[in-house]
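Working notes, beginning with the structure itself.
In listed order, ligands and their atoms are each counted from 1. The chain is numbered in sequence order, starting from 1.
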Amino acid sequence: MRDWRQAWQAALYSPDGFFARGERPSAHFRTSPLVGPELAQALLELLSRVDFALGRPGSLDFVDVGAGGGELSAAVHDLAPPALRRRLCVTAVEFAPPAVPTGVRVRRDLPEQVVGLLVGHEWLDSIPCQVVEVHSGQTSAMHVDDHGTESLGPPVTGPALEWLHRWWPLAERAEVGLPRDEAWADAVGRVRAGAALAVDYGHLRSRRPRFGTLTGYLGGRQVPPIPDGSRDLTAHVAMDSCAAAAGGGVITSQATALAALGISASAPASGLAATDPLRWLDEAARAGRIAELTDPMGLGGFHWLLHGSMLP
Ligand SMILES: C[S@@+](CC[C@H](N)C(=O)[O-])C[C@H]1O[C@@H](n2cnc3c(N)ncnc32)[C@H](O)[C@@H]1O
């Protein structure tokens, strides 16, 4: 039996852990960078606003933290307008370095300094947390064995208990978001000039789930959270506590953010199918992808937490 945070950490990041051995999100679940080029297009628009605000520096960073298969880094690099690409330094930060196009740097740890845009796309949800339960008014850490069987551990005290009182007071079961707060504050602190953006599924204090959200993903299906290294383990992110830990920020939905960055779906013009069927197909496919990215019950409901004021 181990504390859930230790078991979760080992299951994902020990040398033969799920992500450490190179499992890619694309084989197990769908994220926005896998839908198509539209997320990268939106982030390039955000990056161009950052660039303008910084006075077009000689070198501009795009840092993709927790890059997974590197799809977002690759798309940002490939789709950047030539004039920007000459000054653009795209870095994929990933424990298990992905294969990426020439021109994209890969590293295992975060750079010391960022001038430009740092993005954590579905990064924070992959940071392990302590899991707690409340019984008879007492908050205890949950322990778990390699088969996923849980037992009640010692009472929670100190910073974890303070975090729960401040950020998740009415839970019967919860994930303590402190490690995510610390990771995000550290990442944002590395941005010397520019902006930082976290995109993730999450919740806010006004609407926390009562029973936590820890779960597993494997081969495209949601599965029980067994910490044996066979599957991804994840839980929604307390976005407002991450924001506060990093000194503020603005939280909005992905649907709203994409619209603000010029990504909106419109059906192809009527009659186009007859005059230019290939263009009609292209436009219809793009509209379908944008509908997926902005669906409020799906990816469109993801939270965007932005530090820096580049959205209108
Ligand atoms: C849920 S996946 C998201 C992948 C990708 N960003 C996407 O949205 O498709 C999270 C990734 O973050 C990586 N990761 C987690 N913490 C990390 C860290 N501190 N440094 C580098 N990579 C990390 C994991 O190895 C995993 O590949």
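- Paired with D240 under the rule side-chain hydrogen bond (donor to acceptor under 3.5 Å, both in side chains), one option of R208, R205, H303 passes, and it is R208.
- Between D51 and R87 there is a salt bridge, since at least one side-chain N of the basic residue sits less than 4.0 Å from a carboxylate O of the acidic one.
- A salt bridge does not link E162 with R166: every distance from a Lys NZ or Arg NE/NH1/NH2 to an Asp or Glu carboxylate oxygen is 4.0 Å or more.
- Between R190 and D186 there is a side-chain heavy-atom pair separated by less than 4.5 Å.
- For residues 68-84, the set of pairs meeting the side-chain hydrogen bond (donor to acceptor under 3.5 Å, both in side chains) definition, not counting sequence neighbours, comprises D64-S73.
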**OP:** Let me see the working for R180 and E182 under salt bridge (charged side-chain N to carboxylate O under 4.0 Å, His left out), right down to the final yes or no.
**Re:** CA-CA 5 Å; R180 282 115 178 242; E182 288 164 7; over 6 Å; no
When you check ligand 1 against the protein, what N or O pairs turn up below 3.5 Å? List the atom names and distances, or just say none.
unit_1   : atom_1 : unit_2 : atom_2 : d
ligand 1 : 6 (N)  : G66    : O      : 2.7
ligand 1 : 6 (N)  : H121   : O      : 2.7
ligand 1 : 8 (O)  : H121   : O      : 3.3
ligand 1 : 8 (O)  : H121   : ND1    : 2.8
ligand 1 : 9 (O)  : T31    : OG1    : 2.7
ligand 1 : 16 (N) : W123   : NE1    : 3.0
ligand 1 : 22 (N) : F95    : N      : 3.3
ligand 1 : 25 (O) : E94    : OE2    : 2.6
ligand 1 : 27 (O) : E94    : OE1    : 2.8
ligand 1 : 27 (O) : E94    : OE2    : 3.1

